[in-house]
Amino acid sequence: MNIQEVLAQQVKAAVSSLYQIELPTVEFQPTRKEFEGDITVVVFPMLRFVKGNPVEIGTQIGTYLQEQVQEVAGFNVVKGFLNVVINDQFYLDFFHSILDEKDFGYVKDISSDAVMVEYSSPNTNKPLHLGHIRNNLLGYSVSEILKASGKTVYKTQIINDRGIHICKSMLAWQKFGEGETPESSGLKGDHLVGKYYVAFDKAYKSQIQELVNGGVDKEQAAKEAPILMEAQAMLRKWESGDEATVALWKTMNGWVYRGFDATYKNLGVDFDKLYYESDTYLLGRDVVKEGLERGVFFRKEDGSVWIDLSDEGLDEKIVLRSDGTAVYMTQDIGTAIQRVTDFPDIKGLVYTVGNEQDYHFRVLFLILQKLGYDWAQQLYHLSYGMVDLPSGKMKSREGTVVDADDLIQNMEETAEEISKELGKLDGYSEEEKKKLYRTIGLGALKYYILKVDPKKRILFNPEESVDFQGNTGPFIQYTYARIQSILRKANFDTGALGKDVTLHPKEKELLKQIQLFPETIQLAAENHSPALIANYTYDLVKEFNSFYQQVSILGEPDESKKQFRVQLSKKVGEVIQSAFRLLGIDVPERM
RNA sequence: GGUCGCGUAGCUCAGCUGGAUAGAGCAUCUGCCUUCUAAGCAGACGGUCGAAGGUUCGAAUCCUUCCGCGAUCACCA
């Protein structure tokens with residue numbers, strides 16, 4: 001039981017004993033640094049039940065607590081704030097209780113109810129960029145956080161492997177590629193295919209211009225450009241199963257998948273189950289037809305099928321085209337149902353998709369509810385803000401993107417430069433160094449993105465790049481490395497570990513912060529927010545560095561105290577590692 | 001135009017279900033490496049929390065209106 005739960009009961013008991021009144025709740029907050037105390041009881045809300053002067057009431061409750069509760073060592077009252085001092089023993093007991101616990105803070109008995117987290121879900125016509133990185137990091141991290149909070153989690157993605165966008169790359173490759181392959185060009189598969197996506201756009205634009213110069217109206221030119229019409233024809237051939245087209249599609253998608261795999265591996269993300277749109281794009285149609293019979297949907301005169309959501313404050317939305325083919329929404333209905341069929345233990349789905357699709361997911365969830373699926377109550381759109389550049393939105397076809405692979409490589413190179421300047425890596429082999437640069441570079445990038453509230457849009461300035469000092473990944477990794485350095489030099493003697501040492505204020509602060517880890521994980525899981533983990537870790541690390549600076553660990557003459565500090569440092573290291581694992585960030589032994 | 005989101009220090013961000021004098025980092029300026037890693041620590045400077053009303057003992061936080069930025073409202077995905 002943490003101190004807040006203990007005190008809540010005791011405060012209620014105090015009020016009951018002093019005033020014969022039952023309080024429904026007690027409000028707490030951490031005591032501000034400028035006052036003495038560890039936890040603060042806010043008296044104001046009690047005034048609704050207990051009439052009187054807040055300072056007097058606070059003092060009376062404080063006196064009661066000090067007399068009756070062994071953990072309470074003292075108190076003071078400022079205005080309506082009762083600051084309670086908790087004795088060292090409480091924190092020491094807490095520390096001993098978690099000393100040997102592995103993965104402290106993680107929930108160990110995993111619920112049989114599962115959650116499926118979808119993330120990444122790229123189109124297969126171009127390489128991944130910074131926007132995808134945010135998506136991947138968020139999805140992966142939220143998955144890990146949900147696991148640590150006690151859920152079974154399946155990570156998945158839906159690969160958008162069909163459609164006009166892919167035909168554009170295919171067509172451009174046919175026209176301008178001269179048989180180029182990843183092997184012949186030395187290009188990564190996704191980059192090669194992306195190159196032809198850009199090539200298509202260039203040709204398309206110049207054809208439009210030609211038409212316009214020839215006197216054609218601009219809008220019409222955009223529809224009639226020959227290369228676009230060719231692409232549309234190619235899509236029709238693909239849908240009719242034309243062998244040559246399908247073969248080319250398979251070949252080029254294969255290149256892209258190998259490229260994606262490399263990037264995913266680089267980023268350190270993975271998936272338990274993949275879904276391909278080409279496999280599932282027909283599935284939703286049956287459901288829609290069935291829903292039509294049950295009156296969930298209605299048919300318009302031209303044969304198209306719709307749902308009326310005006311009762312929910314939304315509009316009518318199409319779910320099937322007049323020619324009977326599936327739209328985006330149809331596929332998503334089918335995919336959701338397919339997933340629950342494949343994994344019957346799923347009680348919820350988390351969709352990691354940008355906030356430009358907020359409306360789409362509101363509609364999707366409503367439709368699934370109206371179709372009567374009980375799990376539809378548990379759907380969550382993890383909506384995140386776009387990553388924009390100072391020049392504006394990233395657009396693959398115009399080449400204005402920060403490429404994922406390039407960015408990762410840049411980060412590693414920056415880490416290498418800084419490491420070399422600092423020159424602390426004597427004795428490391430080239431291989432070890434390389435691995436370390438990766439750890440640090442990726443750590444900087446991942447932390448930079450994950451520490452921001454997912455809802456907020458990120459403005460990424462490549463010129464200024466990502467910091468390595470202050471509230472950053474490397475700062476936290478550095479602290480971890482420092483701790484490991486101490487542990488390498490320390491002799492462990494748990495027998496000498498004192499159970500009744502007097503705590504230094506910094507030690508107490510550290511223990512308080514460690515104690516917050518389990519609830520922080522729960523909070524992060526409820527809010528689907530890795531940012532809460534990042535900020536927690538930062539606070540812990542700041543606290544440790546301050547401790548490290550003020551208090552000598554290995555130089556402490558009292559063996560009992562020294563052992564305590566060594567063990568405390570070790571625990572802080574473990575929590576840093578556990579927390580960073582939730583963010584998908586590695587920690588180094590040295591740096 | 002309707003709907004949704006965002007607006008906190010020069011910049012990037014915290015601020016939990018309303019609570020004490022709104023916190024960090026970067027940048028600028030001071031100190032601290034003969035002692036456990038200075039990617040660090042300690043400090044200074046920097047704020048009409050977009051604006052105005054309202055609710056409350058108490059508002060950055062809740063409500064209303066307005067302003068700014070973004071997204072979205074397709075038989076595209």
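Naming convention: chains lettered A, B, ... in sequence-line order (proteins, then strands); numbering from 1 in each chain. These numbers come from the heavy atoms of this one structure, side chains and all, not from hydrogens, waters or symmetry mates. Everything numeric in this text was worked out from a predicted model, so none of it was measured.
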At under 4.0 Å between heavy atoms, what does Ser383(A) touch on the DNA or RNA strands: base, sugar-phosphate, or nothing? nothing

Is Ala490(A) touching bases, backbone alone, or none of the nucleic acid, heavy atoms closer than 4.0 Å? nothing

In the strands shown, is G23(B) matched to any nucleotide by a Watson-Crick or G-U wobble pair with both distances under 3.5 Å, and which? C13(B)

Please tell me which of the listed nucleotides, A38(B), C4(B), A71(B), lies nearest to the side chain of Asp358(A)? C4(B)

For Tyr359(A), which contact category applies under a 4.0 Å heavy-atom criterion: base, sugar-phosphate, or nothing? sugar-phosphate

Using atom C1' of each nucleotide, how far apart are A14(B) and G25(B) to the nearest Å? 10 Å

Within this structure, what is the CD-to-C1' distance between Glu219(A) and A74(B), rounded to whole angstrom? 13 Å

How about NZ on Lys433(A), more than 12 heavy atoms from neighbouring residues, nucleotides or ligands closer than 6.0 Å, or not? yes

Please classify the nucleic acid contact of Pro45(A) as base, sugar-phosphate, or nothing, using heavy-atom distances under 4.0 Å. base

U12(B), A20(B), U8(B): which one has an atom nearest the side-chain heavy atoms of Lys456(A)? U8(B)

Partner lookup for C69(B), please. Criteria are Watson-Crick or G-U wobble with both distances under 3.5 angstrom; report none if nothing qualifies. G5(B)

Please check if the number of heavy atoms outside Lys300(A) that lie under 6.0 Å from its NZ is greater than 12. yes

How would you label the contact of Asp426(A) with the nucleic acid (heavy atoms, under 4.0 Å): base, sugar-phosphate, or nothing? nothing

Hey, is Phe44(A) stacking on G58(B)? Ring centres under 5.5 Å, planes under 30°. no

Could you check which nucleotide pairs with U48(B) in any of the strands shown, counting Watson-Crick or G-U wobble with both distances under 3.5 Å? none

Have Asn135(A) and Tyr384(A) got a donor and an acceptor in their side chains that come within less than 3.5 Å? yes

Taking only the C1' atom of each, what is the distance from A9(B) to A22(B) in whole angstrom? 11 Å

Closest of C41(B), A77(B), U37(B) to the Lys489(A) side chain is U37(B)

Looking at G19(B), C69(B), G40(B), which one has an atom nearest to any side-chain atom of Phe475(A)? G40(B)

Once you apply a heavy-atom cut-off of 4.0 Å, does Asn160(A) come out as touching a base, just sugar-phosphate, or nothing? nothing

Asp539(A) near the nucleic acid: base, sugar-phosphate alone, or nothing, with a heavy-atom cut-off under 4.0 Å? nothing

Is a donor from one side chain sitting under 3.5 angstrom from an acceptor on the other, for Glu526(A) and Gln522(A)? no

Just compare A14(B), A20(B), C36(B) and give me whichever is closest to any side-chain atom of Ser485(A). C36(B)

So what does Met591(A) touch, heavy atoms closer than 4.0 Å: a base, only the sugar-phosphate, or nothing? base

With a 6.0 Å cut-off (strictly less than), is the heavy-atom count around CD of Glu219(A), excluding the residue itself, greater than 12? no

Does one side chain, of Asn471(A) or Tyr447(A), offer a donor that lies under 3.5 Å from an acceptor on the other? yes

Rounded to whole angstrom, note down the C1' distance from U48(B) over to A44(B). 23 Å

Quick check: any donor-acceptor pair below 3.5 Å linking the side-chain of Ser546(A) to the base of A42(B)? no

Give Val551(A) one of three labels, base, sugar-phosphate or nothing, depending on what nucleic acid heavy atoms sit under 4.0 Å from its own. base

Compare side-chain N and O positions of Lys455(A) against OP1 and OP2 of A71(B) and report whether any pair is under 4.0 Å apart. no

Per the glycosidic torsion and the 90° limit around 0, nucleotide C45(B) is anti

How would you label the contact of Leu314(A) with the nucleic acid (heavy atoms, under 4.0 Å): base, sugar-phosphate, or nothing? nothing

Looking at every strand, decide which applies to Gln477(A) at a 4.0 Å heavy-atom threshold: base, sugar-phosphate, or nothing. nothing

C1' atom, G7(B) versus C49(B): distance in rounded Å? 10 Å

Nucleotide of A77(B), G15(B), G19(B) approaching Glu27(A) most closely (side-chain heavy atoms): G19(B)

Does Lys542(A) put a side-chain nitrogen or oxygen below 4.0 Å from OP1 or OP2 of G25(B)? yes

Under 4.0 Å: is that the gap between some side-chain N or O of Arg321(A) and OP1 or OP2 of A77(B)? yes

Starting at CD of Gln232(A) and ending at C1' of C76(B), how long is that distance when rounded to a whole Å? 11 Å

Answer with base, sugar-phosphate or nothing: what part of the nucleic acid does Ile486(A) contact at a heavy-atom distance below 4.0 Å? sugar-phosphate

Classify the nucleic acid contact of Thr40(A) as base, sugar-phosphate or nothing, counting any heavy atom under 4.0 Å across all strands shown. base

In the structure shown, which nucleotide is the Watson-Crick or G-U wobble counterpart of C41(B), with both distances under 3.5 Å? G31(B)

Suppose we define a pair by two distances each less than 3.5 Å, Watson-Crick or G-U wobble; what does G18(B) pair with here? none

Got a donor-acceptor pair under 3.5 Å from the side chain of Asp388(A) to the base of A71(B)? no

Between A38(B) and Arg482(A), is there an OP1 or OP2 to side-chain N/O distance shorter than 4.0 Å? yes

Regarding the side chain of Val452(A), the nearest nucleotide among A20(B), U37(B), A14(B) is A14(B)

Using modelled atom types only, decide if a donor and an acceptor are shared between the side chain of Tyr480(A) and the backbone of Gln577(A) within a distance under 3.5 Å. no

More than 12 non-hydrogen atoms from neighbouring residues, nucleotides or ligands closer than 6.0 Å to CD on Glu36(A), yes or no? no

Please pick, from A38(B), A77(B), C41(B), the nucleotide with the shortest atom-to-atom distance to any side-chain atom of Gln549(A). C41(B)

For Ser278(A), run the side-chain hydrogen bond (donor to acceptor under 3.5 Å, both in side chains) check against Asn253(A), Asn160(A), Asp161(A) and tell me which one passes. Asp161(A)

Measure the distance between the ring centre of Phe81(A) and the centre of the six-membered base ring of G19(B), then answer whether it is under 5.5 Å with planes under 30°. no

Taking a pair as Watson-Crick or G-U wobble with both distances under 3.5 Å, which nucleotide is matched to A60(B)? none

Please pick, from U37(B), G40(B), G23(B), the nucleotide with the shortest atom-to-atom distance to any side-chain atom of Arg32(A). G23(B)

Taking only the C1' atom of each, what is the distance from C11(B) to A74(B) in whole angstrom? 39 Å

Arg488(A) atom CZ, neighbour heavy-atom count above 12 within 6.0 Å: yes

When the C1' atoms of A52(B) and A60(B) are considered, how many whole Å apart are they? 16 Å

How far, in whole Å, is U17(B) from A27(B) if one measures between their P atoms? 32 Å

How close or far is atom C1' of U72(B) from atom CE of Met386(A), stated in whole angstroms? 12 Å

Within the 4.0 Å heavy-atom criterion, would you say Arg362(A) contacts the bases, only the backbone, or no part of the nucleic acid? sugar-phosphate

Nucleotide of A24(B), C73(B), A14(B) approaching Tyr538(A) most closely (side-chain heavy atoms): A24(B)

